[in-house]
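A short worksheet on the structure shown next.
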Protein chains: 2
Amino acid sequence: MPAAPVPRAEQRRRTQDRILAAARKLFAENGYDRTTIRAVAAAAKTDPGLVMRYFESKEKLFARIAVVDRHEPVDGTPEQVAELLLASLGEKVTAEPAAALAAIRSMFTHPEAAKEVREAMLAEQRQAAGTMPVPDADLRTGLIGALTLGTVIGRYLLGLDGLRDAPPEQITALLRESFHSIVHGDPDGPSARSE
Amino acid sequence: MPAAPVPRAEQRRRTQDRILAAARKLFAENGYDRTTIRAVAAAAKTDPGLVMRYFESKEKLFARIAVVDRHEPVDGTPEQVAELLLASLGEKVTAEPAAALAAIRSMFTHPEAAKEVREAMLAEQRQAAGTMPVPDADLRTGLIGALTLGTVIGRYLLGLDGLRDAPPEQITALLRESFHSIVHGDPDGPSARSE
DNA sequence: CCACCGAGTCAACAGGTGTAGACTGAATCG
DNA sequence: CGATTCAGTCTACACCTGTTGACTCGGTGG
């Protein structure tokens, strides 16, 4: 007597979770286009039809997965802002969030993913820019965002030699001075340092 | 009487050029997966069959297009190396080579494109690393490569607000100090500056 | 001038895609 | 206990993909 007949609600939750996990993994590894509903279903040991039933469409499934989490508002002096942005990079380099990787990997070919990444970066950018009273604040904060993105890509998506297995603290240590110089460096280059 | 019957050789060259131009454009805009042979043929005002006949396969056509040009060997003191890498970024930010964009846009989903970009970056990295007598030279040069890539991506592929229309000199000026600090900064962070 | 070659066109194939719908059987509920 | 709901499965559709081969027809070399 199989006395433990798994309740239907729980059964459903389990399969949905398996599908989400498989989707996260496959989207992160192969990007949107190269990930098929059939592959997700297979990896989740289910049927493509079920994936459709639970998540409506491939698009919706991807949207459910590929979220880049926005961090809390930054504020303070430019130096503090630089330090905060650096810390946020540290988290990203430490955590390896499959969801963000899925979005980043797909952002060049999938419009929705590009929008997701762009908006997350712009949100960060606007807030940081507000604390900088220089005319080219947009450029500076955008640059820092780009550098952050480049670092994450180099480490996780390209696996560059020096970056792949470096301890996060070492990476952030090397970038600390960079971030600071960009945030409050003088606009005409480093030739005239006032500090 | 249309007295100028275009010679066959030239006719062929023209069509091949049209195909190559269309492929460059479409691969750069949409990436490998989302670019179809049919679309290339249509944009080149030809037939898919002809594309196959002239370039054998989609793969070969892409390989023909997506080449990231390696620049000449860098050498000298670390400071000079930093300056050279910065200049090379300047070129990249100025030129907007469709070919490289095609490779970069496809590198997350197309293995061959990833290899192309990786190898171009590693070649640069190895040479630059040779001039640095520190144990973490790989990390430093890899980081600079990642920052360069991030900048190009932010400018051309994401079109970030501050980066999209900033003059290249301004970008390189802001990054100059960063590159230098990474190349010859001290390994334990910027807290103890010897300069 | 005529046979040939090759640029260009067309239709089709085999495979893979997202998605829809009918069906089955067991958990659920009155 | 009987009726019903619903997780899970299977089949099929319509479409799009890279790629192939047969066909046309005008420039080309003998």
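So you know, we letter chains A, B, ... as the sequences are listed, proteins then strands, and number each from 1. The model shown is predicted, which means the values in this text are computed figures rather than measured ones.
Sequence neighbours left out, the pairs with a member in residues 34-55 of chain A that pass salt bridge (charged side-chain N to carboxylate O under 4.0 Å, His left out) are A:Arg34-B:Asp33.
Side chains of B:Phe27 and B:Arg105 form no contact here, defined as non-hydrogen atoms less than 4.5 Å apart. Within the 4.5 Å cutoff, side-chain heavy atoms of A:Glu79 are placed close to those of A:His180.
Within residues 33-44 of chain B, the residues that have a heavy atom under 4.0 Å from DNA chain D are, in order of number, B:Thr35, B:Thr36, B:Ile37, B:Arg38. The stretch residues 50-66 of chain A comes close to DNA chain D through A:Leu50, A:Arg53, A:Tyr54, each having a heavy atom under 4.0 Å from the strand. Remark: A:Gln11, A:Arg12, A:Thr15 in residues 10-21 of chain A come within less than 4.0 Å of DNA chain D through at least one heavy atom.
There is a side-chain donor-acceptor pair under 3.5 Å between B:His71 and B:Glu124.
Residue-environment remark: CZ (B:Arg18) exceeds the threshold of 12 foreign heavy atoms within 6.0 Å.
Considering B:Glu112, B:Lys58, B:Glu59 in turn, B:Glu59 is the only one that fulfils the side chain to side chain donor-acceptor pair (under 3.5 Å) rule with B:Tyr32.
Atom-to-atom distance recorded for A:Leu174:CG and B:Ser178:OG is 12.0 Å, nearest 0.5 angstrom. One distance of note links CG of B:Asp17 with CZ of B:Arg12; it measures 11.5 Å at 0.5 Å rounding. Rounding to the nearest 0.5 angstrom, the gap separating the OG1 atom in A:Thr141 from the CG atom in B:Asp161 is 8.5 Å. Atom CD1 in A:Ile144 sits 5.5 Å away from atom CD1 in A:Ile182 (nearest 0.5 Å). The CG atom of B:Leu143 lies 9.5 Å from the CZ atom of B:Arg140; values are rounded to the nearest 0.5 Å.
Every residue two or more places apart in sequence or in another chain was checked for a side chain to side chain donor-acceptor pair (under 3.5 Å) with A:Thr36, and none qualifies.
Each of A:Tyr32 and A:Gly49 was assigned the nucleotide of DNA chain C with the nearest heavy atom; the assignment lying further toward the 5' end belongs to A:Tyr32.
Scanning DNA chain D 5' to 3' for nucleotides with an atom closer than 4.0 angstrom to a non-hydrogen atom of chain B gives a first and last hit of D:dT17 to D:dT28.
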